[in-house]
Structure formats: C-alpha cells, structure tokens
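What follows is one structure encoded as structure tokens, with my remarks underneath.
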Amino acid sequence: MSIYVGNLSYDISENDLQSVFADYGEVKRVYLPLDRETKRKRGFGFVEMSNDDEEIKAIETLDGAQWMGRQIKVNKAKPRD
DNA sequence: GTTGAGCGTT
C-alpha cells in the first residue's frame with residue numbers, strides 16, 4: 001500500500017516528506033514525481049510505510065495538516081496504471 | 001497547483 005500526498009509546496013524535497021512520515025513508523029519509500037519534460041516538481045508525492053497500521057495512522061493524522069504553510073492532503077494512493 | 005515510469009520481458 002502506498003500513500004498519496006497532495007497540495008505540497010513546490011519547495012519541498014523527498015527528505016522533507018520522509019521526515020514527516022518517519023514520525024509514525026519506518027518509511028520504506030518516498031517518491032516525488034517530477035514533470036517528465038520540465039523536471040520540475042508537480043506538487044504531490046508518494047510515501048510507503050513498512051507497517052500498514054502506522055501508515056493508516058499517518059494518513060489520518062497528516063491529512064489536512066498544516067505543513068510548510070500549506071494544508072496538505074494525504075490519502076491512500078491508487079496503484080499506477 | 002490533487003495520483004509516480006519506462007521503451008522493457010521482472
């Protein structure tokens with residue numbers, strides 16, 4: 001299972017994301033997709049935790065939280081197609 | 001500023 005994190009500042013890094021979610025459990029993977037052509041950040045990212053319960057807890061706690069001056073959105077991510 | 005990649009046979 002993976003987590004979708006939206007409404008992020010374009011100024012954050014994968015390390016920033018990892019730091020936030022690491023507070024709820026071990027972060028297995030973090031990914032900030034860049035625009036395939038411009039290489040610029042798209043304002044959202046993905047996080048995977050080692051433990052699903054901690055992952056759910058992180059989603060519930062961080063969704064709608066104020067972070068870097070923005071109210072972030074956190075949800076269970078959909079698998080890629 | 002809201003759902004990731006690549007051009008390959010795991």
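Every chain is numbered from 1 and lettered A, B, ... according to where its sequence line falls, protein lines coming before strand lines.
Under the 4.5 Å side-chain criterion, counting only non-hydrogen atoms from C-beta, A:T61 is not in contact with A:D23.
At distances below 3.5 Å, not a single donor-acceptor pair connects side-chain atoms of A:E48 with backbone N or O atoms of A:R29. With A:D16 contributing its side chain and A:S13 its backbone, the two residues share a donor-acceptor pair below 3.5 Å.
Atom P of nucleotide B:dT2 and atom CH2 of A:W67 are separated by 17 Å, given to the nearest angstrom. Atom CG of A:L32 and atom P of B:dT2 are 15 Å apart (whole Å). The distance between atom CG of A:D11 and atom C1' of B:dG1, rounded to the nearest whole Å, is 14 Å.
Around the CG atom of A:D35, the shell of radius 6.0 Å holds more than 12 heavy atoms that belong to other residues, nucleotides or ligands.
When all heavy atoms of A:F21 and A:V5 are compared, the closest pair comes out as CZ-CG2, 3.6 Å.
Look at the C1' atom in both B:dT10 and B:dG6: the space between them is 13 Å, to the nearest Å. Across B:dC7 and B:dT3, the matching P atoms stand 23 Å from one another, rounded to whole Å.
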Base versus backbone protein contacts along nucleotides 3-10 of chain B [heavy-atom cut-off under 4.0 Å; B, S, -]: BBBS----

Check residues 70-81 of chain A and write down every donor-acceptor pair under 3.5 Å in which the side-chain atom is one partner and the other belongs to a residue at least two apart or another chain.
residue: A:R70; atom: NE; partner: A:N7; partner atom: O; Å: 3.4
residue: A:R70; atom: NH2; partner: A:N7; partner atom: OD1; Å: 3.1
residue: A:Q71; atom: NE2; partner: A:G64; partner atom: O; Å: 3.1

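B:dG4 takes the syn form, because its glycosidic angle lies no more than 90° either side of 0.
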